[in-house]
Amino acid sequence: QVQLVESGGGLVQAGGSLRLSCAASGGSFSSYHMGWFRQAPGKEREFVAAVHWTDGRPLYADSVKGRFTISRDNAKSTVYLQLNSLKPEDTAVYYCAADTRWYYSASRSINDYDYWGQGTQVTVSS
């Protein structure tokens, strides 16, 4: 069983930065694609970014490309999401997730992720 624990959320002004972390335990972190999703009040959970297990290659949603950076440290079983140039519309609960389908490329689909963290709140004030 894989457990994921996010941290690093908080309240920040527009234009500011935050760094989210997601620590994994159990399973084989180094062979999982890892993703970040977010869910704003009244909206569906949406893809933010993912990182391949093979070469660390990232995927981003268009809405965050150029502002957010995903990375992973397999030695620490941790995935990070650096959030820069934050906007009020980035306000949401951010979730990390693990995709154990190592034989496929990393996915943008919620349905392809097997394990989820409890989420961390990011609030951006205008």
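Follow the hydrophobic side-chain contacts under 4.5 Å out from V64 and you reach L81 in the same cluster. Following chains of ILVMFWY side-chain contacts shorter than 4.5 Å, one can reach L18 starting from V51, so the two form part of one hydrophobic cluster. Under the 4.5 Å side-chain heavy-atom criterion for ILVMFWY residues, no single connected hydrophobic cluster contains both Y113 and M34. Under a hydrophobic-cluster definition in which Ile, Leu, Val, Met, Phe, Trp and Tyr are linked whenever side-chain heavy atoms come within less than 4.5 Å, directly or via other members, F37 and Y94 are assigned to different clusters.
The minimum heavy-atom distance between V2 and G26, with the atom names listed, is CG2-O, 3.9 Å. In plain terms, the two heavy atoms of P88 and A14 that are nearest each other are CD-CB, 4.2 Å. Between L4 and A24, the shortest heavy-atom contact is CD2-CB, 3.6 Å.
Within the 4.5 Å cutoff, no side-chain heavy atoms of Q82 are placed close to those of S71. Counting heavy atoms from C-beta outward, I110 and W116 have side chains that approach closer than 4.5 Å. Residues E6 and W36 form a side-chain contact, since some pair of their non-hydrogen atoms from C-beta on lies under 4.5 Å apart.
Of the residues T123, V124, V12, the one that meets the side-chain contact (heavy atoms from CB on, under 4.5 Å) test with D90 is V124.
Note: T91 OG1 to L86 CG = 8.5 Å, rounded to the nearest 0.5 Å. Separation of atoms SG (C22) and OH (Y80) is listed at 10.5 Å; rounding is to 0.5 Å. With rounding to the nearest 0.5 Å, the separation of CG in L20 from OG1 in T78 is 12.5 Å. Atom CD of Q118 and atom SG of C96 lie 8.0 Å apart (nearest 0.5 Å).
Annotation: cation-pi pair R38/Y95 absent, no NZ/CZ under 6.0 Å from the ring centroid and within 45° of its normal. Remark: R72 is positioned above the aromatic ring of F29, its terminal NZ or CZ atom under 6.0 angstrom from the ring centre and at most 45 degrees off the axis.
In this structure S30 satisfies the side chain to side chain contact (heavy atoms under 4.5 Å, CB included) test together with N74, sequence neighbours excluded.
The backbone N or O of Y32 sits nowhere less than 3.5 Å from a side-chain atom of H52 that would complete a donor-acceptor pair. Between the side chain of R45 and the backbone N or O of Q39, no donor-acceptor pair lies under 3.5 Å. The main-chain N or O of W53 is never found under 3.5 Å from a side-chain atom of R57 such that the two would form a donor-acceptor pair. With T120 contributing its side chain and G9 its backbone, the two residues share a donor-acceptor pair below 3.5 Å.
No side-chain donor-acceptor contact under 3.5 Å links D99 and S107.
Residue Q121 places its CD atom among more than 12 non-hydrogen atoms of other residues, nucleotides or ligands, all under 6.0 Å distant.
In this structure, F47 has its ring center at least 6.0 angstrom away from the ring center of Y60.
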| Could you walk me through whether T100 and D114 pass the side chain to side chain donor-acceptor pair (under 3.5 Å) check? | CA-CA 7 Å; T100 63; D114 308 286; 2.7 Å; yes
